[in-house]
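Structure first, then comments.
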Amino acid sequence: MATKFDELTGFATKELFYENVKNAVLANPLERHCIVYFDIDNFKIFNDLFGYENGDSLLKESARLIKELNGNKNLCSRITSDWFAFYIPERKFSETALTDISDSLNKIFKESLMPIVIHFGVYSFNSLDEKVSILAGRAKRALKSIKGFPSKLVAYYDNKFMETERQEQHVARVFDTALKNGEFRIFLQPQVSAKKGLLGAEVLARWITPQGELISPDKFIGTLEKTGLISKLDNNIWEQAAALLKYWEGTEKENLYLSINISVKDFNNLDVYQVLTDIVKKYNIPPKKLRLEITESVLMNDVKKVLEVIKKLRKAGFYIEIDDFGKGYSSLSMLKDIEVDLLKIDMDFLRKTENELKSSIILESIISMTRKLGLEVLTEGVETEAQIDFLKMVGCDLFQGYYYAKPMAVADFSRKFFSPNLHSLQGEEKTVV
């Protein structure tokens, strides 16, 4: 006969917990109720570092603190491993009490020197309009939304969260059809040399519905990353960029390059080297014209593998750019190992600080170091002439930002920077492959 209680913590099993919560809610129909999900970050690492005995102690102490907060072990459950759930009337609920659990565990296990981070997902409800398992699932999804964010410990499944979920489900449901119908288009943001003028552009994805609505990236990129669909989109955008470069051959734009983005997910989901080399062969374009922009975070994801792929791509003739330089933790140490051509620095480096003098000195030093290493440096996010003047003074000649232009449709890019040509503009609107 299966036990109804977890041997380690004494908490109810998942099934018994659901039954007990149902009874507690039915017994108090005028109350509002909360189900809280609870998870210990990096519990497996804690086990590996300090042994299973200490891991069990962490689970027992977590259970003890939950029971102190909740008061009834039958309304608590160790769902699996380091995942817990418990019920509490909303009038007794306190976010501070939740975060106090984290503080208490860190004090108890301070000798481990490993910070213990606890995430909580909370769902508040009036009545049993759904099975308890479904209500608990909402708390769990709220928790999962903040996994990997150590500064955000508590998330709530509320109307806003529900609406976000609906939007994400819609995006995932219609994505393949939208991609097939050519609703995802490339927009271009110019990259300019103060000395030579327009040199090329960064390629960015925009979604234009059949009704002509422009959907901004923040409405779909995150969902595509969560669902693993982002690599399908990236592959399509890369092809559109290559097709446009081919279309520009023999025109006044033939010397421009296009810079495409490659994400962590792309390295995980695709054979990036094979895909990109196949694309430039398919469109018969020089690899150096299809520049590859790789975020620094990619380099934290299986460093050896990524460095090897980058090395092969560069050997194949691609020009490699590192985006968001300076935002990661190992920027300087990476520079001695990675073979790249250009570093991109964001002007946010200066804006998001109260000490502009120190930031300016650091920025000047980065630009100087980059040039000494034989690399180009491009500053993005430039918005004013004063910024351009300062950056030129400290040795930067390449810029991208609203000072020159916002991201724009391909046809608008041509109108702004080149002589009008109706036939050319019509062709450029059809770069979707």
* Asked: Taking atom types as modelled, is there a side-chain donor on D278 or Q274 under 3.5 Å from an acceptor on the other?
  -> yes
Would you be so kind as to tabulate the donor-acceptor pairs closer than 3.5 Å made by side chains of residues 50-60, with sequence neighbours excluded?
| from | atom 1 | to | atom 2 | distance (Å) |
| --- | --- | --- | --- | --- |
| N54 | ND2 | F50 | O | 2.8 |
| S57 | OG | E53 | O | 3.1 |

* According to the interplanar angle, ranging from 0 to 90°, do the rings of F46 and F43 count as parallel (below 30°), tilted (30 to 60°) or perpendicular (above 60°)? -> parallel
* Structure fact -> Taken in chain and number order and not counting sequence neighbours, the residues that satisfy side chain to side chain donor-acceptor pair (under 3.5 Å) with N28 are none
* Do D129 and S127 have side-chain atoms, one donor and one acceptor, less than 3.5 Å apart? -> no
* Asked: Strictly by modelled atom types, are Y404 and Q191 linked by a side-chain donor-acceptor pair under 3.5 Å?
  -> no
* Asked: With a distance cut-off below 6.0 Å to the six-membered ring centre and an angular limit of 45° from the axis, does K219 pair with W207 as a cation-pi contact?
  -> no
* Of all residues at least two apart in sequence or in a different chain, which pass the side chain to side chain donor-acceptor pair (under 3.5 Å) check with Y402? -> none
* Asked: With the threshold set at 4.0 Å, does a side-chain nitrogen-carboxylate oxygen contact exist between E339 and K315?
  -> no
* Asked: Going by the angle between their ring planes, with limits at 30° and 60°, are F417 and F413 parallel, tilted or perpendicular?
  -> tilted
* List in chain and number order the residues that pass ring-ring contact (aromatic ring centres under 6.0 Å, His included) with F175, two or more places apart in sequence or in another chain; answer none if no residue qualifies. => F184
* Should we say atom NZ of K232 is surrounded by more than 12 heavy atoms from elsewhere, each under 6.0 Å from it? -> no
* For R78 and T9, test the side chains for any donor-to-acceptor distance below 3.5 angstrom and give the result as yes or no. => no
Just distance, no hydrogens or angles: give the donor-acceptor pairs under 3.5 Å from side chains in residues 142-150, sequence neighbours left out.
| from | atom 1 | to | atom 2 | distance (Å) |
| --- | --- | --- | --- | --- |
| S145 | OG | A142 | O | 2.5 |
| K147 | NZ | D39 | OD2 | 2.1 |
| K147 | NZ | D41 | OD1 | 2.9 |

* **Donor + acceptor pair across side chains of E321, S259 (<3.5 Å)** => yes
* To do: Answer yes if the side chains of E202 and Q189 hold a donor-acceptor pair under 3.5 Å, and no otherwise.
  => no
* **Donor + acceptor pair across side chains of E163, N159 (<3.5 Å)** => no
* side chain to side chain contact (heavy atoms under 4.5 Å, CB included) evaluation trace for L153 with L98 -> CA-CA 9 Å; L153 302 179; L98 296 185; over 6 Å; no
* Asked: Would a distance-only check, ignoring hydrogens and angles, find a side-chain to backbone donor-acceptor pair under 3.5 Å from T223 to V171?
  -> no
* To do: Using the test ring-ring contact (aromatic ring centres under 6.0 Å, His included), find all partners of F120 that sit at least two apart in sequence or belong to another chain.
  => F38
